[in-house]
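Structure, as structure tokens:
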Amino acid sequence: MNYHYPIDPDWSTEQVMDVVQFFNTVEEAYEGEVEKEKVLEHYKRFKNIVPAKDEEKTMFKEFEKHSGYIPYKVVKNAQEAEQSENVTMK
């Protein structure tokens, strides 16, 4: 499936790749499963690029609008998962 990724034109190529990688990880959680550590690692890199909570919420809503996937729920499930658990949204 093709998704629309919220991207800031002022970001570097590396930053764009990190943000897209985070949203890809959200997709993985909804379409199968993903390791908890991977979610948290990609979210940490995302937060380094998008540190403001209001900007994060805006980007999450935009991604949800186009994909139906809720990044907040994936991150929350990863944060609450036991150490060895994978994250799945099925």
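Bear in mind the structure is a predicted one, so any value in this text is a computation, not a measurement. Residue numbers run from 1 in the order of the sequence given.
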F22 and V74, any side-chain heavy atoms less than 4.5 Å apart: no
Which heavy atom of [X] sits nearest to which heavy atom of [Y], and what is that distance?
X   : Y   : result
I49 : Q15 : CD1-O, 3.5 Å
K36 : V87 : CA-CG2, 4.0 Å
M59 : W11 : CE-CH2, 3.2 Å
P6  : V19 : O-CG1, 3.9 Å
A29 : V34 : CB-CG1, 3.8 Å

Residues in side chain to side chain donor-acceptor pair (under 3.5 Å) contact with [X], at least two apart in sequence or another chain:
X   : answer
E35 : none
E62 : H4
E14 : none
E64 : none

Residues forming a side chain to side chain contact (heavy atoms under 4.5 Å, CB included) with K57, sequence neighbours excluded: K53
Partners meeting side chain to side chain contact (heavy atoms under 4.5 Å, CB included) with V20 (sequence neighbours left out): Y5, I7, V16, N24
Spatial distance of atom [atom1] ([X]) from atom [atom2] ([Y]) [nearest 0.5 Å]:
X   : Y   : atom1 : atom2 : answer
R45 : Q21 : CZ    : CD    : 4.5 Å
T25 : E41 : OG1   : CD    : 8.5 Å
S67 : F23 : OG    : CZ    : 8.5 Å

Joint hydrophobic cluster, M89 plus V75, side-chain heavy atoms closer than 4.5 Å: yes
Plane angle bin for F63 and Y69 - parallel if under 30°, tilted between 30 and 60°, otherwise perpendicular: tilted
Whether Y43 and F60 hold their rings parallel, tilted or perpendicular, with breakpoints at 30° and 60°: tilted
Donor-acceptor pair, side chain of K47 and main chain of V50, under 3.5 angstrom: yes
